[in-house]
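To keep things clear, I will list the structure first and then write my remarks on it.
For the single chain, residues carry numbers from 1 onward in sequence order. These values consider heavy atoms only, across backbone and side chains, with no hydrogens, waters or symmetry-generated copies.
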Amino acid sequence: MASISLSNVYKAYGTSPPVIRDVNLQIADSEFCVFLGPSGCGKSTLLRMVAGLETITAGELRIGGQTMNAVPPAKRKVAMVFQNYALYPHMTVYNNLAFGLKQAKKSADYIDKKIREAARILELEPLLERKPKALSGGQRQRVAIGRAIVREPGVFLFDEPLSNLDASLRVQTRTEIARLHKAFDQASAIYVTHDQIEAMALADKIVLLHSGSDTEQFGSIAQVGAPLELYHRPRSKFVAGFIGSPKMNFIEGSVQSVDPTGVVVKLHSGEAIRAAVNGAGVVNGAPVTLGIRPEHFVPDAGSAASPDARQGITRNVRLVERLGEHSYLHLEGAPGEAMIAKLPGDAANQTGDRVVLGVPANYCHVFDAKGLALPVLER
C-alpha cells in the first residue's frame, strides 16, 4: 500500500507562470482519487509529476512516506495506464503483459502465474495469443490495465484512459475499472479526466483544478472532497458550475434580507427566493448570484405540498427536449442567463408555455460578488 502526499508543489516551464500552483494534497492508502478539470488545467501534468515523467519545480512529493522528487520513474512503484494504451503492436497480449516482468528479470513461472491471474480477472484468457490490432478498443484498454496489474504497484495512475472509447464502451470500461480497484484495494489510484460523470462514478475523492481561463488561480485546487460534497456543498461558483450535468443555473440578484434560517435573494426579474445558507456578514443590497440545479426545480409550484416548493420563478419555455426518462425545459431568462429545468419525461409542458417552477430553499445556493459560496445550512 502507498499513501501519496504533495506539499506546496509547483510546476513551471522556464520563466512562464506556473501550470501547477501550490498544490497540497493527501491521498490515503487504497483511495481512488480523481483529478478533474477542464482541458488545459494541469491535471495530466500533476499526474505525470507523481509518475516521475515531469520534474517538480518546487515542493515535495512523498509516496509511502518516502520523498520521491529525485527518484526515477522505474523505482517509484507506480504503474501508468495511458490514453492511447501504449501496447507493442508486434507482440501478443501475453507478451505485452509479460514485458515489464521480463525487464525486471522475474522467473518464467512467476511471469506465467501473474499473467494468468490478471487475464482471469480481466477476462482476457481467450485473447492471450492475439495481437493488439485484432482487439477492440475496450479489450486493448483491459490489456493496458493488465500490464499495470501484473507489476503489483503501490499506485495506479490512469491518464484519461476512456477518452478513445465510444460512449457505451466508456460506461462498460468505467465499471470494470471500479470493480478492479475493489479487487486490488491494496493499491491507491489516481485517475485523470475532464468528464465529471466519470469522476462522480469512480472517485472516493475528487480534486477539482481551476480553469486555465483564470490566470491568477490556474493550476491550483478549487476544491477537494467526496463527490457528493462537491455536488451539494460547492465552495465557489466555478465548482458549482463544473459539477453536475446540465450545469447549475445562475440567476443574478441582490440580498433582500438575512435571518438565522437563511438569505432572501431578490432576483432582477422580481421574485424573492429564500436560500437556506449562512448569511453571516452579508449586508442587505449586496449583489449575489442565486444557484439552483436543473433537477431541483419543482413543477407546478403553486400546488406543491411542500411550503419550500411554493416559492418559485415564472418563466416562458423556449424549447423542450424530451429524452425519455426526463425532459429538459429551456427557459427564457434575463440576457445572458441560460436556464434549464430537468423534469419528468412525461411533463406536459410545450414550447411557448409560461411555467411556475418551485425553488426549494434547501437546494438553493448563493454566491457573493467574488464567486464564493455562502455555506449551506445543515439539512
Starting from [Y], can I reach [X] by hopping between I/L/V/M/F/W/Y residues whose side chains sit under 4.5 Å apart?
X: Phe367; Y: Val265; answer: no
X: Met68; Y: Leu53; answer: yes
X: Ile243; Y: Phe250; answer: no
X: Tyr231; Y: Ile197; answer: no
X: Tyr13; Y: Leu61; answer: yes

Between [X] (side chain only) and [Y] (backbone N and O only), is there a donor and an acceptor less than 3.5 Å apart?
X: Gln217; Y: His210; result: no
X: Arg76; Y: Val71; result: yes
X: Thr173; Y: Gly138; result: no
X: Arg318; Y: Glu332; result: no
X: Asp195; Y: Ser163; result: no
X: Glu271; Y: Thr314; result: yes
X: Gln141; Y: Pro161; result: yes
X: Gln311; Y: Val359; result: yes
X: Arg140; Y: Pro132; result: yes
X: Glu54; Y: Ser44; result: no

How long is the gap from [atom1] on [X] to [atom2] on [Y], to the nearest 0.5 Å?
X: Tyr191; Y: Asp159; atom1: OH; atom2: CG; answer: 10.0 Å
X: Lys237; Y: Asp368; atom1: NZ; atom2: CG; answer: 10.5 Å
X: Leu329; Y: Asn316; atom1: CG; atom2: CG; answer: 11.5 Å
X: Leu208; Y: Phe238; atom1: CG; atom2: CZ; answer: 4.5 Å
X: Ile206; Y: Phe242; atom1: CD1; atom2: CZ; answer: 9.5 Å
X: Leu124; Y: Arg130; atom1: CG; atom2: CZ; answer: 10.5 Å

For [X] and [Y], which heavy atoms make the closest approach, and how far apart are they?
X: Asn24; Y: Asp22; result: ND2-OD1, 3.4 Å
X: Ser16; Y: Ala12; result: O-CB, 3.8 Å
X: Lys43; Y: Leu36; result: CD-C, 4.0 Å
X: Arg322; Y: Ser327; result: NH1-OG, 3.4 Å
X: Ile273; Y: Gly312; result: CD1-O, 3.7 Å
X: Val81; Y: Ala148; result: CG2-CB, 4.0 Å

Within the 3.5 Å criterion, strictly below it, is a donor on [X] or [Y] matched to an acceptor on the partner's side chain?
X: Lys266; Y: Ser257; answer: no
X: Thr193; Y: Glu160; answer: no
X: Glu31; Y: Ser188; answer: no
X: Asp109; Y: Ser107; answer: no
X: Arg62; Y: Ser7; answer: no
X: Thr67; Y: Glu60; answer: yes

Subject >> Val356/Ile313 under side-chain contact (heavy atoms from CB on, under 4.5 Å): CA gap, chis, key distance, verdict >> reply: CA-CA 6 Å; Val356 180; Ile313 61 171; over 6 Å; no

Close side-chain approach of [X] to [Y], heavy-atom, < 4.5 Å:
X: Asn95; Y: Tyr88; answer: no
X: Val263; Y: Val288; answer: no
X: Val255; Y: Val366; answer: no
X: Asp112; Y: Tyr94; answer: yes
X: Lys77; Y: Ile63; answer: no
X: Thr92; Y: Leu128; answer: no
X: Phe297; Y: Ile340; answer: no
X: Leu47; Y: Phe158; answer: no

**OP:** Give a yes or no on whether Gln66 atom CD has more than 12 heavy-atom contacts from other residues, nucleotides or ligands under 6.0 Å away.
**Re:** no

Original post:
For Lys342, does the NZ atom sit with more than 12 other heavy atoms under 6.0 Å from it, leaving out its own atoms?
Top reply: yes

Subject >> Candidate pair Gln196 and Ser245, rule side-chain contact (heavy atoms from CB on, under 4.5 Å), full reasoning >> reply: CA-CA 8 Å; Gln196 53 101 11; Ser245 180; 3.1 Å; yes

**OP:** For a side chain to side chain contact (heavy atoms under 4.5 Å, CB included) with Ile190, tell me which candidate from Leu46, Leu25, Ile4 qualifies.
**Re:** Ile4

Subject >> side-chain contact (heavy atoms from CB on, under 4.5 Å) assessment of Val23 paired with Lys11 >> reply: CA-CA 10 Å; Val23 167; Lys11 175 65 181 179; over 6 Å; no

**OP:** Show your working on side-chain contact (heavy atoms from CB on, under 4.5 Å) between Glu198 and Val34 and close with a plain yes or no.
**Re:** CA-CA 9 Å; Glu198 279 181 33; Val34 174; over 6 Å; no

